[in-house]
Amino acid sequence: MGLHELESCVGVPLFDRNQAGVALAPAGALLVSHVKRAQAQLRLACAEIDAQQGLLTGQVVVGALPFCRSYILPRAAADLLATHEWLSVRTVEAPLPHLLDGLRLGEIDFLVGAIPALVLEGDLVQEQLLQQEMRIVLRAGHPLARGEAPDWERLLQQSWVLPPRASPTRDAFEAMLAHRGLAGPRVAVESSDLSVIRGMLQASDMISAASPQLFQYELESCVLATLSVDLPGTGRSIGIVRRTEQHSSPAARLLMRLVREVAQA
């Protein structure tokens with residue numbers, strides 16, 4: 001069916017035509033969103049038919065937010081694929097509003113990671129998996145890692161590697177210090193790149209403040225360590241945003257269950 005025939009069937013203009021080219025009109029954008037939802041429902045129907053036959057197939061698309069990408073989601077996806085060879089997993093990294101749009105259109109199965117408090121419409125559900133406060137992270141052989149936990153005066157004299165100002169992690173950490181009447185740390189390196197922070201911690205005596213989830217593998221292998229210093233009020237909520245159960249594929253429901261198990265462990 002051609003574009004003119006499609007517009008004739010709908011009865012309103014679907015495209016704006018001008019010298020710059022052709023773009024979707026508001027009615028056209030609305031029609032596209034309904035088509036995408038219809039396609040998502042067809043994929044869901046096929047997946048449920050396969051599940052009735054005892055076979056999980058297809059691809060699970062996950063909106064991966066910070067604080068889940070390094071440990072929770074990879075571990076859960078590995079457990080899924082170890083027992084279901086006909087499945088695949090694809091992650092989408094994008095700003096939260098874009099991911100929510102994809103979730104509503106059925107292009108994304110669910111979101112997982114650090115999720116702020118949201119006012120969601122009835123077609124979406126939010127659930128909290130864990131609330132974890134930040135810890136001070138440093139290399140395992142760091143002088144501060146020996147003996148009793150150091151006081152704040154000594155900690156603030158260290159060289160720090162932290163995300164830039166106006167990032168949630170930096171703001172939460174500095175707000176905690178201000179609440180205690182302490183000045184900000186001496187930040188030698190600012191970076192929001194986790195690989196840069198990880199590299200600086202391993203290659204020097206710099207220290208950082210972060211969620212342990214971000215360095216779970218390094219902590220388990222004793223490459224990095226944390227100090228027994230409380231950082232109250234720095235917790236981030238890790239959770240899932242999903243469609244209702246009847247709009248989630250069997251494979252997506254299974255991966256969400258595995259994500260919950262990893263987070264609880």
field: Expected output: side-chain H142 to main-chain L144 donor-acceptor under 3.5 Å
entry: yes
- prompt: Is R69 reaching over with its side chain to a backbone N or O of A64, donor-acceptor style, under 3.5 angstrom?
  reply: yes
- request: Might you point out which heavy atoms bring C222 and A140 nearest each other, and give the distance in Å?
  value: O-CB, 3.2 Å
- prompt: Shared ILVMFWY cluster between L214 and L73, side chains joined below 4.5 angstrom?
  reply: yes
query: Rounded to the nearest 0.5 Å, how far does CZ of R242 lie from CG of L124?
result: 10.0 Å
query: How many angstroms lie between atom OG of S249 and atom CG of L254, to the nearest 0.5 angstrom?
result: 9.5 Å
Which atom pairs, one a donor and one an acceptor, fall under 3.5 Å between side chains of residues 226-236 and the rest of the protein, sequence neighbours left out?
{"residue": "T234", "atom": "OG1", "partner": "M134", "partner atom": "N", "Å": "3.1"}
{"residue": "T234", "atom": "OG1", "partner": "L231", "partner atom": "O", "Å": "2.6"}

task: Following the transitive rule for hydrophobic clusters with a side-chain heavy-atom cut-off under 4.5 Å over Ile, Leu, Val, Met, Phe, Trp and Tyr, establish whether M176 and V137 coincide in one cluster.
output: no
- request: Return the minimal non-hydrogen interatomic distance between I72 and A263, and the atom names on each side.
  value: CD1-CB, 4.4 Å
Can I get a per-line list of side-chain donor-acceptor pairs under 3.5 Å for residues 146-156, giving both atom names and the distance, sequence neighbours left out?
{"residue": "R146", "atom": "NH2", "partner": "G141", "partner atom": "O", "Å": "3.3"}
{"residue": "D151", "atom": "OD1", "partner": "E153", "partner atom": "N", "Å": "3.4"}
{"residue": "D151", "atom": "OD1", "partner": "R154", "partner atom": "N", "Å": "2.9"}

message: Can you tell me how far apart OG (S159) and CE (M200) are? Round to the nearest 0.5 Å.
response: 9.0 Å
statement: In short, I115 meets L65 closest at the heavy-atom pair CG1-CD1, 3.7 Å
task: Check for a donor-acceptor pair, side chain of S208 on one end and backbone N or O of V161 on the other, with a separation under 3.5 Å.
output: yes
field: V187 reachable from V189 in the ILVMFWY side-chain graph, under 4.5 Å edges
entry: no
- request: Please report the closest heavy-atom contact between Q213 and F67, naming both atoms and the distance.
  value: CB-O, 4.1 Å
query: Distance only, no hydrogens: is a donor on one side chain within 3.5 Å (strictly under) of an acceptor on the other, for D193 and S191?
result: no
- line: Smallest heavy-atom separation, L138 atom then A145 atom, equals CD1-N, 4.2 Å
- prompt: CD/E220 to CZ/F215 distance, rounded to the nearest 0.5 angstrom?
  reply: 14.0 Å
- prompt: If you measure from the Lys or Arg side-chain nitrogens to the Asp or Glu carboxylate oxygens, is any gap between D205 and R139 under 4.0 Å?
  reply: yes
field: Intermediate values then yes/no, side chain to side chain contact (heavy atoms under 4.5 Å, CB included), D109 and R243
entry: CA-CA 8 Å; D109 289 295; R243 292 188 296 277; 3.9 Å; yes
task: Report yes or no: do M206 and L177 belong to one cluster of Ile/Leu/Val/Met/Phe/Trp/Tyr joined by side chain heavy-atom distances under 4.5 Å?
output: no
statement: Heavy atoms of A251 and L87 approach each other most closely as CB-CD2, 3.7 Å
- prompt: Checking R186 side chain against W160 main chain: does a donor-acceptor pair fall under 3.5 Å?
  reply: no
field: Interatomic spacing from CD in E85 to CG in L80 - rounded to 0.5 Å
entry: 12.0 Å
- line: When rounded to the nearest 0.5 Å, the distance separating CD of E190 from OG of S167 is 8.5 Å
- prompt: Can you list the residues that meet the ring pair (Phe, Tyr, Trp, His ring centres under 6.0 Å) rule with F110, with sequence neighbours excluded?
  reply: none
